[in-house]
*Asks:* 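Sharing a structure with you now.
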Amino acid sequence: QVQLVESGGGLVQAGGSLRLSCAASGGAFSLYNMGWFRQAPGKEREFVAAISHSGGTTNYANSVKGRFTISRENAKGTMYLQMNSLKPDDTAVYYCARDRRYNLGSSSLDYDYWGQGTQVTVSS
């Protein structure tokens with residue numbers, strides 16, 4: 001059974017940085033594309049970023065492009081999201097997920113396994 005566990009969330013002031021981690025177990029991590037999503041209170045879950053199985057290709061939502069960087073270490077079974085220049089609008093629960101369609105898609109329907117989420121709060 002695939003398990004994904006996020007960590008690294010917290011409270012940060014606007015303009016600050018955080019690095020999220022997603023530790024995977026129970027599956028062939030290196031064979032799958034992976035992604036990050038987020039969900040703010042009262043809003044739908046939205047795509048943040050995705051990375052190919054090798055780490056060579058990435059895809060970002062326009063709202064985070066230039067501020068967030070997705071990466072992975074297959075030997076450690078871990079994916080990361082480096083978040084810089086954080087804004088209050090980035091406040092949300094952040095989820096990592098496994099891409100089952102191999103297309104670095106932005107739809108949550110393209111992802112099959114999900115972590116439990118980690119809270120990121122950006123104060124103004």
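Nothing fancy with the numbering, it's 1 onward along the sequence. These figures come from a predicted structure and were not determined experimentally.
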*Asks:* Starting from the C-alpha separation in whole Å, work towards a yes-or-no answer on side-chain contact (heavy atoms from CB on, under 4.5 Å) for W114 and R45.
*Replies:* CA-CA 12 Å; W114 295 80; R45 190 169 298 190; 3.2 Å; yes
*Asks:* Could you grab the distance from atom OH of Y94 to atom CZ of F68, nearest 0.5 Å is fine?
*Replies:*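 Spacing of OH (Y94) from CZ (F68) equals 4.0 Å.
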*Asks:* Are R98 and Y111 in a cation-pi contact, defined as NZ or CZ under 6.0 Å from the six-membered ring centre and within 45° of the axis?
*Replies:*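 No, R98 does not sit over the ring of Y111.
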*Asks:* Got a second to check how far E6's CD is from C22's SG, nearest 0.5 Å?
*Replies:*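 E6 CD to C22 SG: 5.5 Å, rounded to 0.5 Å.
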*Asks:* Do W36 and L20 pass the side-chain contact (heavy atoms from CB on, under 4.5 Å) test, and can you show the C-alpha distance, the side-chain angles, and the key distance before you say yes or no?
*Replies:* CA-CA 10 Å; W36 287 99; L20 305 183; 3.7 Å; yes
*Asks:* Take F37 and Y95 through the ring pair (Phe, Tyr, Trp, His ring centres under 6.0 Å) test and state the conclusion after the steps.
*Replies:* CA-CA 5 Å; F37 285 74; Y95 300 90; 8.7 Å; no
*Asks:* Does any donor atom in the side chain of S52 or N33 lie under 3.5 Å from an acceptor atom in the other side chain?
*Replies:*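 Distance-only check fails for S52 and N33.
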*Asks:* Say whether, by atom type as modelled, one donor and one acceptor occur between the side chain of R100 and the main chain of L109 under 3.5 angstrom.
*Replies:*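 At least one qualifying donor-acceptor pair exists.
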*Asks:* Taking atom CD of Q119 as the centre, report whether more than 12 heavy atoms of other residues, nucleotides or ligands fall under 6.0 Å from it.
*Replies:*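 Check passes, neighbour count above 12.
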*Asks:* Keeping the roles fixed (side chain from D99, backbone from L104), state whether a donor-acceptor pair exists under 3.5 Å.
*Replies:*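 Between the backbone of L104 and the side chain of D99 there is a qualifying donor-acceptor contact (under 3.5 Å).
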*Asks:* Does Y113 have its ring centroid less than 6.0 Å away from the ring centroid of Y32?
*Replies:*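 Distance test on ring centres: not under 6.0 Å, no.
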*Asks:* With rounding to the nearest 0.5 angstrom, report the OG to CG distance, S54 to L31.
*Replies:*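 Rounded to the nearest 0.5 Å, the OG-CG separation comes out at 11.5 Å.
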*Asks:* Supply the atom-to-atom distance R38 CZ to T118 OG1, rounded to the nearest 0.5 angstrom.
*Replies:*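 Atom-to-atom, R38:CZ and T118:OG1 are 14.0 Å apart.
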